[in-house]
Amino acid sequence: MLTAEQNDELTAVEAGTRMGEVLRRYWYPVAFARELAEFPVKRVELLGEFFALWRSPSGRYGIIPEPCPHRKASMAYGVVEEDGLRCPYHGWRFDTDGVCTDQPAEKDNTNFQNRVRATAGKVEELGGLVWAYVGPDPAPLLPRFDVYVMDGFRDIGWADLPCNYVQIMENAVDPHHVEYLHGRYFEFIGAHEGFTAPASFGKQHQRIGFDAFEYGIIKRRILAGASEENDDWKVGHPLVFPYNMRVGGGGIHQMQIRVPINRTTTRFMLYTVHAPEGYEPLEQPAVPDYEIPVFDERGRHVVNYVEGQDIMAWCTQGPITDRTTEHLGRSDIGVAMLRKMFKQQMAAVENGEDPLGTVREPHERIDLPCEKDKFHAGGAQFALDFCDMGSTRFSPMLDTIRKVHLSAADRVVKDKAAGRPSFTPEGGIGTATLTPGTSAQVDSE
Amino acid sequence: MIGDRRFAADADAHRRDQPRYCPACATALDLASEFWEGDERRFYCWCASCEWTGEVTTTGATALGHEPEH
Ligand code: FES
Ligand SMILES: [Fe+2]
Ligand SMILES: [Zn+2]
């Protein structure tokens with residue numbers, strides 16, 4: 001349990017709040033690159049504030065707060081020009097540094113222009129996403145996590161969810177829920193709707209463990225029939241502080257992204273890279289995205305796929321879950337640990353330090369630890385369950401993705417017969433990066 | 001209402017410097033709308049009691065004369 005004040009502090013996203021100041025130290029995906037190719041200016045809500053994001057004809061991105069400094073008309077309806085974004089109302093123009101470079105109706109006066117500077121953020125494109133940083137200078141570097149730069153076939157499922165992002169992050173340090181929400185509950189829904197839920201999701205947890213590391217928390221589990229030697233324990237996978245989780249297995253690599261749009265809305269994204277052993281590279285000029293269903297036509301949650309089950313759990317906890325009346329158990333130790341991490345980072349930012357996972361070193365890519373043999377289900381089986389039972393079922397790319405996995409499996413057989421190694425895209429560190437069990441561990445056997 | 005935090009200093013300066021009383025009849029002004037012209041801050045003022053209307057400009061300690069044509 002937390003007090004109401006502590007819950008309020010933990011879940012805030014707004015500027016001037018302790019947590020809001022922590023969140024403003026990170027880069028966030030705020031658009032799909034294809035959106036700005038379709039129309040070059042977009043209204044963006046991030047951390048409880050509105051912005052105008054634009055892309056110039058030559059491909060330069062800019063982001064400034066939505067209200068025009070003149071008389072507050074929306075810059076998101078602005079005119080995109082090579083030299084900046086022009087307000088639709090009276091034509092004041094701002095460049096990517098936020099400098100006002102034109103006030104058509106005023107006498108030339110740089111002093112007035114200097115006084116109406118729009119605070120500009122920074123924008124970069126990576127992996128088919130447009131990323132923005134709207135915090136204080138000096139901006140950290142955009143972390144080039146493996147999924148955004150690796151070889152493989154991509155798609156992005158997404159939905160805007162009516163709940164605070166912290167409860168979604170608490171799910172990322174909650175291994176036990178898999179066995180019920182995606183095991184027992186899935187089986188129950190399947191029995192009523194006439195399908196068979198994947199068996200590997202219902203395996204019983206015997207031990208869970210959590211280790212803090214430089215980008216967040218590594219989560220580990222030992223399932224029935226496995227040991228400390230299995231990837232699920234030895235390698236695990238990380239919560240990437242403060243708003244991501246890196247998962248994968250069976251030749252699939254994924255970042256689950258949870259962007260705090262405002263206090264009670266979260267943009268959930270499943271950034272997925274299909275990169276099995278034997279992968280035969282496919283051209284992808286743009287990364288396709290698709291909206292995943294949250295509610296059915298009767299307003300009930302869609303619960304016959306894995307992420308729909310998670311979404312149901314997150315949303316039914318309430319717009320901001322009431323932590324003053326919750327009842328955590330020992331198995332929720334990861335949740336408690338995450339709350340500590342949030343608090344530590346609030347203090348760090350107040351002390352003028354960079355919060356956890358701030359990247360200032362130039363780098364090509366950052367590989368994150370992630371188990372390859374998930375739920376010791378066997379690679380290909382996990383990949384097929386993933387396609388049929390998860391959000392990929394709704395992807396316009398579903399057929400192509402199945403083919404990617406099936407032809408890769410074929411390829412591996414052929415390569416083996418011919419005695420040559422198969423190409424496997426590099427992504428995720430599939431070996432232990434830390435000695436397991438250092439921070440918190442719970443046995444349930 | 002949460003203000004536009006970018007311009008909080010301008011809002012403070014406005015609150016601090018706005019003329020408060022009518023220079024003609026000394027009742028509280030009904031309007032002191034600030035605008036910027038070149039380097040100057042100006043307040044367009046109106047008194048509802050006596051209908052006085054005028055612009056007030058802050059100058060600080062500096063007094064400027066005009067520069068003749070040369
Ligand atoms: S409101 Fe933007 S130029 Fe007037
Ligand atoms: Fe889940
Ligand atoms: Zn008067």
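The chains referred to below are lettered A, B, ... by the order of the sequence lines, with proteins before strands, and numbering in each begins at 1.
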Quick check: under 4.5 Å, non-hydrogen atoms only, which of residues 66-82 of chain A neighbour chain B? A:Pro67, A:Pro69, A:Lys72
Under the criterion ring pair (Phe, Tyr, Trp, His ring centres under 6.0 Å), which of A:Phe268, A:Tyr26, A:Tyr28 is the partner of A:Tyr243? A:Tyr28
Let's go through A:Leu47 and A:Arg24 carefully: what are the C-alpha distance in whole Å and the side-chain angles of both, what is the deciding distance for side chain to side chain contact (heavy atoms under 4.5 Å, CB included) to 0.1 Å, and is it a yes or a no? CA-CA 8 Å; A:Leu47 304 176; A:Arg24 278 168 178 71; 3.5 Å; yes
Test salt bridge (charged side-chain N to carboxylate O under 4.0 Å, His left out) on A:Asp137 and A:Lys122 and set out the steps. CA-CA 10 Å; A:Asp137 284 327; A:Lys122 306 223 165 6; 3.3 Å; yes
Is B:Glu40 in contact with chain A via its backbone, its side chain, both, or neither, using a 4.5 Å heavy-atom distance? neither
Does any heavy atom of chain B fall under 4.5 Å from the side chain of A:Arg117, the backbone, both, or neither of them? backbone
When you check the gap from the basic side-chain N to the acidic O, do A:Arg263 and A:Asp8 get nearer than 4.0 Å? yes
Residues at least two apart in sequence or cross-chain that pass side-chain contact (heavy atoms from CB on, under 4.5 Å) with A:Asp83, listed by chain then number, are A:Arg93
Taking only residues two or more places apart in sequence or in another chain, which ones pass salt bridge (charged side-chain N to carboxylate O under 4.0 Å, His left out) with B:Asp39? none
Taking only residues two or more places apart in sequence, or in another chain, which ones meet A:Glu21 in a salt bridge (charged side-chain N to carboxylate O under 4.0 Å, His left out)? none
